[in-house]
Asks: 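Right, I'll just put the structure down here and ask away after.
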Amino acid sequence: MATKPYGDKDVHDRHSAGSPNTPRSPSGELAEGFVSENADLLQRRLGNRQIQLIAIGGSIGTALFVSIGGGLARGGPGSLFIAYTLHSIMLGFVNNCMAEMATLHPVSGGFIRMAGKWVDDAFGFMAGWNFFIYEALLIPFEISALNLVLTFWSDNIPVAAICAVCIVLYAILNFLAVKAYGEAEFWLSGGKVILIFMLFLFTFITMVGGNPRGDAYGFRYWKNPGSFAEYRTEGTLGRFEGFCAALWSASFTVVGPEYIAMVAAEAKRPRVYIKNAFKTVYYRFGLFFIVGSLAVGVVVPYNDPTLVSILAGEGSGGGTAAASPYVIAMRNLGVSVFPHVVNALLVTSIFSAGNTYTYCATRSLYGLALEGRAPKFLRRCTKNGVPIWCFCIVMVFPFLSFLQVGSGSSIVLNWLTNLITAGGVLNYMIMATTYLFFYRACQAQGIDRKTFPYTGWFQPYSAYIGLAWMTTVVCCYGYSSFAPWSVDNFFIYYTMLLLAPLNFIVWKLLKKTKFVKSHEADLVWEAPVVDAYEASFTSAPVGFWTEMLQLVGIGRKKKDRRSSVASY
């Protein structure tokens, strides 16, 4: 079959741009002067700087500062560093898949709609509901974490009041236009970046002797007590189990591509800004996660009494800044004030994460509704492009955070962490699988992938490697429930993993769906809408650093300008 470049005329003629609400002539053509931003009711209002910081904010969570201590205590600094490096590389393979698909098709619902479009409608149903439940349950998780962090200063802060305040603020920020969400995330995510660079600076200065004790400890803790800790058993097996524990920590901490995919439908100039956001993921993985895991193993030994007692539930401060390896190191070195700064920035970090999860849960439910995998009434949007009924349903989930009023926030936090981690890894399995079907369809239809806005490297091997790794991680994640056997732990670890195939089977039987054949896969989809939208710009794309300088009044104000266009 002859090779077809992406976007040739015969392909475009099969699709008409615009949504049902886009002004049209009596013949059904788009009204003159109108170019649709999307094939649905979402609006492209997120600029370059907002997208980049949302991408960073979505990937940096509380786990990188606090929960990572659990991986250190169980696996040791060597296992922690290897586990985070390996998992970051493997997730980079998955990101490589998602970047190509989402830049070509920056559609509402991201990868969850792609799964149904190119694999099987039942597969899309499974992917969508798994991601929705995963994101929705992360909201009360972050609220619970916020309550724990605040106890660093006082145990008398009313838990119910904090839950209520968070719910109200999340509702306000997500009910307004997407631009308000983007601006809030820009500043909140900025706090995360400041925090992590402060901690890296603290690590370097103190390890070379810049601390009140004048102790240039360097990599001392890699030698004493050692690089690899034993966990559950002794000897070589114990060290391997320690590595596994560090790997489970990495699988919950290292995230990223799913959040860029979800904002793609509301990003200005997605072929440029979303592509850049995906390309910078590799640098973020290397800087934030790999260097972060190295720094944690430098500042505190894995057998530190405070760290061990907190993880065992015998010491106070679990889940707060007091449990952060960095704060433990500060106190060991006699550094004052700084722990309070870290805790304050942790508050903004946690709030930011919860805000992002609220946004993603709303958009994933909207994506399900667009494909008929959720009730049609959920497609309704406000004039500002907010899926109003999806938003209302998502805002029920934060109320689960009130469970901690009676049972204790640490219990709720641990329960939610174990329940949702498998769901997160399953998302990456879905992305890699979807890409393999997408790649096969491109080959079958003779489409040259080099004509795409972004072409993934080392494909399809990148997808195969990422899929194999994520499958291994998610299947072995709860192995500890088997020895000794624990029914409770089994369902805590594997509920999401059992629910996903059940969703697939039920939807397949009800709708009698079939796997999409390669030569029949719709690889054009909503691309003409995006092409027309991108072609309407008359100005060059605004760079990230240009926007940042403009923000502080340096340089002439530049905007993304479009030709005579009216958006619906």
Side-chain angles (χ1 to χ4, degrees), residues 61-91 196 199-200 202-204 206-208 215-254 285-315 317-319 321-333 414 417-418 421 469 472-473 476-480 483:
T62 319
L64 184 61
F65 308 115
V66 180
S67 306
I68 194 173
L72 173 65
R74 297 182 179 101
S79 290
L80 189 75
F81 179 69
I82 294 172
Y84 272 70
T85 300
L86 271 177
H87 196 70
S88 295
I89 292 172
M90 294 303 168
L91 190 51
I196 196 165
L199 294 176
F200 286 168
F202 162 81
T203 301
F204 177 74
T206 58
M207 71 183 291
V208 297
D215 182 12
Y217 56 89
F219 285 87
R220 175 190 303 161
Y221 303 131
W222 282 62
K223 297 178 181 179
N224 183 23
S227 302
F228 302 96
E230 297 175 346
Y231 179 59
R232 287 172 54 88
T233 54
E234 297 179 351
T236 303
L237 179 60
R239 286 188 288 273
F240 176 73
E241 290 197 71
F243 168 76
C244 290
L247 184 58
W248 310 151
S249 170
S251 67
F252 181 72
T253 306
V254 185
F285 282 176
L287 180 60
F288 298 141
F289 299 119
I290 297 177
V291 176
S293 65
L294 178 64
V296 164
V298 168
V299 297
V300 69
Y302 70 76
N303 63 350
D304 182 271
T306 304
L307 178 64
V308 172
S309 65
I310 289 175
L311 290 174
E314 299 169 358
S324 169
Y326 296 106
V327 173
I328 292 172
M330 291 171 194
R331 291 182 166 173
N332 290 344
L333 294 169
N414 290 332
T417 299
N418 293 330
T421 298
W469 176 267
T472 302
V473 169
C476 300
Y477 168 67
Y479 81 94
S480 59

Asks: Would you mind reporting whether P77 and V296 have side-chain heavy atoms less than 4.5 Å apart?
Replies: no

Asks: Kindly give the heavy-atom pair with the smallest separation between I68 and S293, and that separation in Å.
Replies: CD1-CA, 4.1 Å

Asks: Are V299 and Y217 close enough that some pair of their side-chain heavy atoms sits under 4.5 Å apart?
Replies: yes

Asks: Please report the shortest heavy-atom distance between P325 and G69, naming the atom on each side.
Replies: CG-CA, 3.6 Å

Asks: Identify the two heavy atoms, one from V254 and one from S88, that lie closest to each other, and give their separation to 0.1 Å.
Replies: CG1-OG, 3.9 Å

Asks: Under the side-chain contact (heavy atoms from CB on, under 4.5 Å) criterion, do D215 and R220 qualify, and how do the steps go?
Replies: CA-CA 11 Å; D215 182 12; R220 175 190 303 161; 2.6 Å; yes

Asks: Working to the nearest 0.5 Å, report the span between CG of L64 and OG1 of T253.
Replies: 7.0 Å

Asks: Under 4.5 Å between any side-chain heavy atoms of L86 and L247, yes or no?
Replies: no

Asks: Out of curiosity, S79 OG to Y231 OH, how far, rounded to the nearest 0.5 Å?
Replies: 13.0 Å

Asks: Name all residues meeting the side-chain hydrogen bond (donor to acceptor under 3.5 Å, both in side chains) criterion together with W469; count only those two or more places apart in sequence or in a different chain, and write none if there are none.
Replies: H87

Asks: So, S227 side chain and W222 main chain: donor-acceptor pair closer than 3.5 Å or not?
Replies: yes

Asks: Please give me the minimum heavy-atom distance between A73 and A229, naming the atom from each residue.
Replies: O-CB, 4.1 Å

Asks: Could you go through the side-chain contact (heavy atoms from CB on, under 4.5 Å) check for L91 and F289 one step at a time?
Replies: CA-CA 12 Å; L91 190 51; F289 299 119; over 6 Å; no

Asks: Which value, rounded to the nearest 0.5 Å, describes the distance between I328 atom CD1 and L307 atom CG?
Replies: 4.5 Å

Asks: What I'd like to find out is whether the side chain of Y221 reaches to under 4.5 Å of the side chain of L72, using heavy atoms alone.
Replies: no

Asks: Evaluate side-chain contact (heavy atoms from CB on, under 4.5 Å) for Y326 paired with T206, printing each intermediate quantity in order.
Replies: CA-CA 11 Å; Y326 296 106; T206 58; over 6 Å; no

Asks: Return the set of residues passing side-chain hydrogen bond (donor to acceptor under 3.5 Å, both in side chains) with E241 (not counting sequence neighbours), or none when no residue passes.
Replies: R232, T233, Y479

Asks: In sequence, state the C-alpha distance, the side-chain angles, and the governing distance for Y84 and S249, and then conclude on side chain to side chain donor-acceptor pair (under 3.5 Å).
Replies: CA-CA 8 Å; Y84 272 70; S249 170; 2.8 Å; yes

Asks: Nearest 0.5 Å, please: how far is CG in L80 from CZ in R74?
Replies: 11.5 Å

Asks: Pair L294, F219 - check side-chain contact (heavy atoms from CB on, under 4.5 Å), show working.
Replies: CA-CA 10 Å; L294 178 64; F219 285 87; 4.1 Å; yes

Asks: Which heavy atom of W248 sits nearest to which heavy atom of C476, and what is that distance?
Replies: CZ2-O, 3.3 Å

